[in-house]
Amino acid sequence: MPDLIFVLLILASYAATHLLIVGLARLGRVE
Amino acid sequence: MTFEAIALGIVLLGVVLLFAKPFGAYVADVMEGKPILALRLGGQLERAIYELAGIDAAKETGWKQYALNVLVFSTLGVLFVYLLQRVQAWLPLNPKSFGNVTADSSFNTAISFVTNTNWQGYSGESTMSYLTQMLGLAVQNFVSAATGIAVAVALIRGFARHASATIGNFWVDLTRATLYILLPISTLLAIVLISQGVIQNFAANQDVTTVSVTEYQQPKVDAAGAPIKDANGAAVTQNASTSTQTLTMGPVASQEAIKELGTNGGGFFNANSAHPYENPNALTNFLELFAILLIPMALTFTFGRIVGDARQGWAVLAGMTILFVSLWLVAVSSEQAGNPSIAKQGVDQQQSELQSGGNMEGKETRFGIAASALFASVTTTTSTGAVNSMHDSMTPLGGFVPMFLIQLGEVAFGGVGSGLYGMLIYALLGVFIAGLMIGRTPEYLGKKIEAFDMKMTSIAILVTPIVVLVGTAFGVAADAGRIGVANPGAHGFSEILYAFSSAGNNNGSCFCGLSANTPFYNTALGLAMWFGRFWVLIPVLAIAGSLAAKKRAPVTAGTMPTHGPLFVVLLIGSVLLIGALTFVPALALGPVAEHLMLNGSSP
């Protein structure tokens, strides 16, 4: 159970950072 | 402050500078793929790696793909190191029969080593198998440092190129930084360290007979093993003695070299570079300081070489050096001055032939005040975090220096790669502020700095303070955060503030009064390290992409020169302005309050 929580936390951190890249790339195109 | 302390610092900076210039040129040639001897010798191996991994080395990418590659590579690294710790008990190279690391500690350590932080909630010699140390932690020491170099070079290319849609190939940059820069010098340094007494073996712990019998007090226990207490509730103790000592063995030197060269800082032992098997004598101490500073300083020359104007690199280096020297002098003079409370009791704290003098609490006698205060300053002005003394035991002002150097973003000289790209972000901020003052569109190295670049700069600069201050607020507010504090009051606050500053800025050193190997701190600091690393690194890559796409503006009479003293002052001003505005209120509650309390206290 703890493993599931921490692996999900790693994947969530990845997802949040992936979204940052996508968001900044979109902002760059707009500007 | 003593002559020896000043001389040691000046000699260190001088020696590093001597090597950094040619090494910086070498790094530039390697990363630009120039046909130098090293690349010709390693070409076959390099090509074999690309073939094995299915990489097209000739294909460069834009910043978005570059950032995604960094992210995917790092995430896979975290998952691998996490898994390795969770199953180490069943894997080979575990002669001490350690069990699997707990889930929360594995999470923290995996992120810590992948992000080049090397914060260590665990005690290495009693937790990690040799396989985990070597295959998990040491490998990440190499590739996390190589990632830093790759990102810094990508940003430099952004300045150097014009009208370009690409900033490089991450896989090629990562491979070259590891193969031609980190591996050769780490191997060389490891061999030198072994010659000086740093151990390198796969043996289990060794029990040895000590020179004299040690007598000590140990708690008396009942038949069930519970401690016996007296009528007042105090533990009852009994005399005991021992003539044996257990010495921890392991492959230390191979990890020690890259620990310093990659500005990683994660020690094989819990005591880190204060342990005689990691740092046996004054020479190894000097070599470790040299190794920490070499690449960060060299990268300023790499920058000057790739952008085609060596003076630009010198200007950045000058800014870094002035910042570092100013704060190092505060640290060393505070530690040499000693503790005023002890002085009031008539204790001699003056330096003499018989003693270092000053505040020797938490310091090794083989290093003394000068080498300890210098190490504390060097390890926190870079993102290393290795320690040869305990920062928690420094005087309030002495402890303020490492904490403030970390909070400034470790830009003088900074981590491998991260120091240079951090400082260049401040350079962009500096020219932006200067542009506002004179009403011109800011430029740096012929590139106009526009709205998108400044938005990215703002994100890169603001993410870390948010992580640090919000994290500290949680640490102070939560029961689970306060329970780990060893010293209540201002010093306890400093311990929490230092922990989040260290994690958020990817330093890894600690104010070790804090018991941080708890689910709360392992999780919170793990997240602080992740966001402190990638949410800075990604805007930096976005700036690289934006700058690379721009045309170079011609130099005119109105262009602000960025290689002179004015620019250096502007650069230092930007760093201090942001650092002071952001962190001084928090520092006032910690080391500043403690300093005032200590100096105002009665004997």
Of all the heavy-atom pairs spanning B:Tyr82 and A:Pro2, show the shortest one and how long it is.
-> OH-O, 4.2 Å
For A:Phe6 and B:Ala103, work out which heavy atoms get closest and say how close.
-> CD1-CB, 3.8 Å
Looking at B:Leu527 and A:Ser13, what are the two nearest heavy atoms and their distance?
-> CD2-OG, 3.7 Å
Out of B:Ser74, B:Ala67, B:Ala110, which one racks up the most heavy-atom pairs below 4.5 Å with chain A?
-> B:Ala67
Non-hydrogen atoms of chain A under 4.5 Å away: do they reach the side chain of B:Trp535, the backbone, both or neither?
-> both
Step through the shown structure and confirm whether more than 12 heavy atoms of other residues, nucleotides or ligands are within 6.0 Å of CZ on B:Phe73.
-> yes
Quick one: what part of B:Pro519 sits under 4.5 Å from any heavy atom of chain A, side chain, backbone, both or neither?
-> neither
Please walk me through it: do A:Val7 and B:Phe107 pass side chain to side chain contact (heavy atoms under 4.5 Å, CB included)?
-> CA-CA 8 Å; A:Val7 169; B:Phe107 169 79; over 6 Å; no
Looking at B:Leu71, B:Ile538, B:Leu68, which has the largest count of heavy-atom pairs under 4.5 Å with chain A?
-> B:Leu71
Where is the tightest heavy-atom contact between B:Met456 and A:Leu27, given as atom of each residue plus distance?
-> CE-CD2, 3.7 Å
Nearest heavy-atom contact between A:Thr17 and B:Phe534 is CG2-CB, 3.8 Å
Taken to the nearest 0.5 Å, the spacing of B:Leu537 CG from A:Leu20 CG works out to 10.5 Å
OG1 of B:Thr75 to CG of A:Leu11, rounded to nearest 0.5 Å, is 8.0 Å
Minimal heavy-atom distance between A:Ile21 and B:Trp63, with the atoms involved, is O-CH2, 3.6 Å
Nearest-0.5 Å distance, OG of residue B:Ser106 to CD1 of residue A:Ile10 = 9.0 Å
Supply the atom-to-atom distance A:Asp3 CG to B:Arg86 CZ, rounded to the nearest 0.5 angstrom.
-> 4.0 Å
Does any heavy atom of chain A fall under 4.5 Å from the side chain of B:Ile459, the backbone, both, or neither of them?
-> side chain
